[in-house]
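Bear in mind the structure is a predicted one, so any value in this text is a computation, not a measurement.
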Amino acid sequence: KAGVTQTPRYLIKTRGQQVTLSCSPISGHRSVSWYQQTPGQGLQFLFEYFSETQRNKGNFPGRFSGRQFSNSRSEMNVSTLELGDSALYLCASSPNPGGTDTQYFGPGTRLTVL
Amino acid sequence: GENVEQHPSTLSVQEGDSAVIKCTYSDSASNYFPWYKQELGKRPQLIIDIRSNVGEKKDQRIAVTLNKTAKHFSLHITETQPEDSAVYFCAATDSGGGADGLTFGKGTHLIIQP
């Protein structure tokens with residue numbers, strides 16, 4: 001099976017802009033989780049989608065949002081970008097939600113905010 | 001929510017020696033504990049996981065132990081090799097609710113000295 005894919009791999013934006021990142025899960029996986037990775041804060045949970053519904057959300061402002069489509073592909077959006085949003089954004093897929101199954105990570109999207 | 005502490009932040013061992021990384025968690029409801037390895041510029045990859053109904057799990061040179069009473073779990077790598085050099089992350093979640101997704105430790109940079 002093909003692994004989790006993310007597009008784009010790299011992105012440069014300026015403060016105040018918005019950005020949309022995409023994640024395609026492993027075929028058959030219905031749960032997609034998003035994480036932000038920074039040197040200072042490490043890996044932090046953003047949100048999880050399952051069957052097109054946001055199942056839970058981490059401690060991030062409302063500028064961070066996401067959605068999931070009927071084919072399980074997911075997008076996350078960050079509006080009004082801030083310098084502190086510069087990070088590696090990772091998505092992970094699993095067959096079922098929560099900690100029921102192993103989560104498999106994509107390669108990430110490196111976002112740089114100038 | 002869950003809080004995971006990981007120690008040490010950096011660990012340097014001689015090739016062939018053993019390495020031990022320790023994590024503690026705060027939420028007694030957590031029952032799934034995966035370990036991920038992340039090489040520079042690559043995605044996190046699951047190396048081993050354990051659920052709360054077992055105390056120890058082994059996979060070749062890698063083992064994980066769990067002490068639910070103490071809320072403590074550890075990764076043990078024996079006969080270390082140069083390719084073991086990477087950052088290792090522990091994580092915890094409650095597979096029943098998973099309200100916070102995977103909560104990660106801050107990571108351990110494992111350096112294998114030749």
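Side-chain contact between A:Phe105 and B:Lys42 is absent, with no heavy-atom pair separated by less than 4.5 Å.
Looking only at heavy-atom pairs under 4.5 Å with chain B, the residue among A:Gly40, A:Pro107, A:Gly42, A:Gly3 that has the most is A:Pro107. No other option in B:Pro34, B:Pro44, B:Ala92 has as many heavy-atom pairs under 4.5 Å with chain A as B:Pro44.
Residues B:Ile62 and B:Phe73 are members of one and the same hydrophobic cluster, defined by side-chain heavy-atom contacts under 4.5 angstrom among Ile, Leu, Val, Met, Phe, Trp and Tyr. When hydrophobic clusters are built by joining Ile, Leu, Val, Met, Phe, Trp and Tyr residues whose side-chain heavy atoms come closer than 4.5 Å, directly or via intermediates, B:Ile112 is grouped together with B:Ile48. In the hydrophobic clustering of this structure, B:Val4 groups with B:Ile50; members are Ile, Leu, Val, Met, Phe, Trp, Tyr whose side-chain heavy atoms approach within less than 4.5 Å, directly or through other members. Hydrophobic clustering places B:Ile47 together with B:Leu66 (ILVMFWY residues linked when any side-chain heavy atoms are closer than 4.5 Å, directly or through intermediates). By the rule that hydrophobic residues join a cluster once side-chain heavy atoms approach within less than 4.5 Å of another member, A:Leu11 and A:Met76 end up as members of one cluster.
Shortest non-hydrogen contact noted between A:Gln41 and B:Lys106 is O-CE, 3.4 Å. Smallest separation of non-hydrogen atoms from A:Gly106 and B:Arg43: O-CB, 3.1 Å.
The number of heavy atoms from other shown groups lying within 6.0 Å of CZ (A:Arg9) is above 12. No more than 12 heavy atoms of other residues, nucleotides or ligands shown are found within 6.0 angstrom of CD on B:Gln60. With a 6.0 Å radius and a threshold of 12 heavy atoms from other residues, nucleotides or ligands, B:Lys71 has its NZ atom above the threshold. More than 12 heavy atoms of other residues, nucleotides or ligands shown are found within 6.0 angstrom of CD on A:Glu52.
For an aromatic pair to be called close, the ring centres must be under 6.0 Å apart, and B:Phe104 with A:Phe45 fails this.
If you measure heavy-atom distances from A:Leu43 to chain B, the contacts under 4.5 Å come from both the backbone and the side chain. Looking at A:Asp101, only its backbone comes within 4.5 Å of chain B, counting heavy atoms on both sides. Interface residue B:Gln38: only side-chain heavy atoms are found under 4.5 Å from chain A. Of the two parts of A:Gln44, neither the backbone nor the side chain holds a non-hydrogen atom closer than 4.5 Å to a non-hydrogen atom of chain B. Both the backbone and the side chain of A:Thr102 come within less than 4.5 Å of a heavy atom in chain B.
A donor-acceptor pair under 3.5 Å links the side-chain atoms of A:Tyr35 to the main chain of B:Leu102, judged by distance alone.
In this structure, A:Gln103 CD and B:Thr93 OG1 are separated by 7.5 Å, a value rounded to the nearest 0.5 Å.
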